[in-house]
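Some notes on the structure that comes next.
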Amino acid sequence: MRSKCMLVALLACLVTVPLMADSGIYICGYFNRSPEIAVPAMKQSGYTFGILFNINVEENGDLTYEGQTVCHDGVFVLPETSPRFVDDVNSLITGNTSLLRLEYCIGGWGNGSYGKITQLVREQGTDENSILYRNFKALKEAIPAVIAINNDLEQDYEPEPHAQFHIMLYDLGFKTTIAPYMNKDSYWLPFVRAVLEARPGAVDRNYLQCYGGGASNQPGDWDIEGVPVYGSYDIESGGFPKEEIMDRLARWKEEVGIVGGFYWNYNDNRDAKSEAAAINEVFGGGEVDYRARRVAGFYPMKDYHAPQIDFGMGVYNRQQIEEQGMRPADVKAIKLVPGVKVTLYTGEDHTGDAFAITSDMPDVVAVVGDAEINSWAVSADSIGELDGTEFCIRDKQSGLYLKPYDNMPTNGLSIRLKENDGTDYMLWRFEAQENGLYRIINKGSGKTLQVANEELYEGEKFIQKIYSGKENQLFLIGRNEETEAYHFMALNSLKYVGLESGKRQVGTMAVQQADMMEWELVKQAVSGQPVVSSDGWVSLHSQVVEEEVRLEMAESVRDAGLEVRLSDLSGRILMRDASGVTCWNVSDLQPGVYVLSVACATKTASFRLVKR
């Protein structure tokens, strides 16, 4: 008994549950039937969370959705019938969107999934050999962005096997939310209590049904182990009386402290933005903003036995990490998109000892030992020697090159395979950007390679366009050391630069694809000419250096004070000098790409620096 109590106390310390005002909706089958309407509508709606209704559990343990098999025998098989489903789900929380969190629902009126779950738990248990474990593991690995399973039980009330099931879900990386409307004392209290005793923090939201069979429910009567309560309204059956909804939610917020609201349901082409606004006007939030693609998952338990907190590319100090719901010292496991690197720091602002993680790490302690982590950086595991260099990008099999189709500087021109015509349009310059990512620029047009429409879907074409800094214009670049070939992955979609339908002939369009395609880079000379700041006050003697970095200053600023900082692409400062000298020895610096920042009393400038 003592060891069990100690484990529960440890888990309670590791798991944090941030509270925020929220608006949400059950997203029903219309999402699957008409994704071209439903996906953008939900992204622009103002809702902050969505619950995908629903995942069914069949008698044999298969998971199904809208009549289609999702997982069978531990394998995610849905792409065979709905190839865009994964991208549709990921798109909801990527790019310009208001949505921050996604869940799956199990249950609903007349749904027998929990009766089947009861039977499967009693027959097989919930260990790693059980069909429930294997299928939900496959579901989580296929779409890790979905963070919770909503328990919408409305029949087959048996708390003990259902608690075992949701404890298993937590160990696979899913939080639990509940959607009760009756049987508080006989089911919901013992169910939630059992899950929380085993996995503190696992149940983090109570979506109370205040409609249908729960129309008489009052949030003040539904305190279940302190889980935050959300008020609700049925806009499918009850219409949309905005003032009535706002008055009800505002009263519950004032009287009993509900933290948000949700609706049943979104299942046709309605004005989602107006409907969400009724909740957001009471609780705040719901702004549409650009959401970076999440590329690194941080777990508070080793072997990924807890839901993750996801991060995009960037540098995060302790405060920023805690605002996401995790203390940096609590990270115990990390999962990464291929080509991504995490650097863990013992200092609060990317200082102190540093530990590099370049692939999935189930036990961070095995790397950092007793060191306490206080900040981190998520960046590309970059190839520094490409920076500032011009290349031809050649398909190894056909010998054809990626080029703008008509050799023109036109914005939006598609990129296709063509013969080498010796013009500047066959050359692409690789420029290292923040966080170790690359921008790829056509020399002839001066335009940047990008995914055409910021879409995640396979087959979306590549075009050239004026650079705007968006993630569909930034690339993770990897290299196969055996074949000496490269691959390029667009950051927004996490898909590779490939070829339309696998063709290899003149005119074949470049499109994004899930499978890695390798390209040869025909190298051009790297310029060693001086690089001058935009307003001419300071210049770098050479962007490519081996032993010495040297600056030239305009006469007007030579006595204005000078501070120079040298940083790596993850933002870690490697050198700071305010002595006024303009020449530094960097022979001990590792080869790669760095940022040299220069400031005087009135001006600033920065240069990319390539160390050979």
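We count residues from 1, following the sequence as given.
- At least one donor-acceptor pair closer than 3.5 Å links the side chain of Lys253 to the backbone N or O of Val282.
- For Glu36, the CD atom is densely surrounded, since the number of other residues' heavy atoms within 6.0 Å is greater than 12.
- Under the side chain to side chain donor-acceptor pair (under 3.5 Å) criterion, Glu255 pairs with no residue, sequence neighbours left out.
- The backbone N or O of Ser186 sits nowhere less than 3.5 Å from a side-chain atom of Asn183 that would complete a donor-acceptor pair.
- Using a 4.5 Å heavy-atom cutoff, the side chains of Asn90 and Arg294 are not in contact.
- Of all the heavy atoms in Ser232 and Leu249, the pair that sits closest is N-CD2, 4.2 Å.
- Residues Gly312 and Val378 approach most closely at O-CB, 3.5 Å, considering heavy atoms.
- Electrostatic pairing of Asp22 and Arg205 counts as a salt bridge here, judged by a charged N lying under 4.0 Å from a carboxylate O.
- Listed for the Asn265 side chain is no donor-acceptor partner under 3.5 Å among the backbone atoms of Cys28.
- You'll find the side chain of Tyr65 stays beyond 4.5 Å of the side chain of Asn56, heavy atoms only.
- Two residues are said to be in side-chain contact when any heavy atoms from C-beta on lie closer than 4.5 Å; Leu449 and Phe462 meet this criterion.
- Ion pairing between Glu275 and Arg270 holds under the 4.0 Å rule for side-chain N and carboxylate O.
- Listed by chain and residue number, Lys43 satisfy the side chain to side chain donor-acceptor pair (under 3.5 Å) test with Ser91 (two or more places apart in sequence, or in another chain).
- At a threshold of 4.5 Å between non-hydrogen side-chain atoms, the residues Tyr263 and Asp234 do not count as touching.
- Electrostatic pairing of Arg33 and Asp268 does not count as a salt bridge here, judged by no charged N lying under 4.0 Å from a carboxylate O.
- Electrostatic pairing of Lys242 and Glu244 does not count as a salt bridge here, judged by no charged N lying under 4.0 Å from a carboxylate O.
- Applying the side-chain contact (heavy atoms from CB on, under 4.5 Å) test to Ser98 and every residue at least two apart in sequence or in another chain returns Ser45, Val288.
- For Asn453 (side chain) and Glu455 (main-chain N/O), no donor-acceptor pair under 3.5 Å exists by modelled atom type.
- With salt bridges taken as basic N to acidic carboxylate O contacts below 4.0 Å, one links Glu225 and Arg193.
- Take Asn217 and apply the side chain to side chain donor-acceptor pair (under 3.5 Å) test, not counting sequence neighbours, and it matches Trp222.
- Defined by atom type and a distance below 3.5 Å, a donor-acceptor pair is present between the side-chain atoms of Ser468 and Gln473.
- Atom OH in Tyr496 sits 12.5 Å away from atom CD in Gln512 (nearest 0.5 Å).
- Thr81 and Gln68 share a side-chain donor-acceptor pair at under 3.5 Å.
- Between the CZ atom in Arg84 and the CG atom in Asp88 there is a gap of 5.5 Å [rounded to 0.5 Å].
- Both the sub-6.0 Å distance and the 45° axial angle are not jointly satisfied by Arg248 relative to the ring of Tyr233.
- For the pair Lys175 and Tyr170, the NZ or CZ position fails the cation-pi test of under 6.0 Å to the six-membered ring centre and within 45 degrees of the ring normal.
- The aromatic rings of His162 and Tyr187 stand perpendicular to each other, their planes meeting at an angle above 60°, with 30° marking the opposite boundary.
- Stacking of Arg101 on the aromatic ring of Phe49 is not recorded, the 6.0 Å distance cut-off and the 45° axial limit not both being met.
- Put simply, the side chain of Leu491 reaches to within 4.5 Å of the side chain of Val295, judged on heavy atoms.
- You'll find the side chain of Ile178 stays beyond 4.5 Å of the side chain of Asn150, heavy atoms only.
- Across Tyr104, Tyr30, Trp264, a single residue satisfies ring pair (Phe, Tyr, Trp, His ring centres under 6.0 Å) together with Phe53, and that is Trp264.
- Classified by interplanar angle (parallel below 30°, tilted 30° to 60°, perpendicular above 60°), the ring pair Tyr299/Tyr304 is perpendicular.
- No side-chain heavy atom of Ile463 sits under 4.5 Å from any side-chain heavy atom of Leu413.
- Every residue meeting the side chain to side chain donor-acceptor pair (under 3.5 Å) condition with Glu158, not counting sequence neighbours, appears here in chain and number order: Arg122.
- Salt bridge annotation for Arg199-Asp171: present, with a cationic side-chain nitrogen under 4.0 angstrom from a carboxylate oxygen.
- Residues meeting the side-chain contact (heavy atoms from CB on, under 4.5 Å) test with Val75, sequence neighbours left out: Val77.
- Counting only heavy atoms from C-beta outward, the side chains of Thr177 and Glu103 approach each other to under 4.5 Å.
- The pair Asp87-Lys495 meets the salt-bridge criterion, with a side-chain N (NZ, NE, NH1 or NH2) lying under 4.0 Å from an Asp/Glu carboxylate O.
- The number of heavy-atom neighbours closer than 6.0 Å to NZ of Lys465, taken from other residues, nucleotides and ligands shown, is 12 or below.
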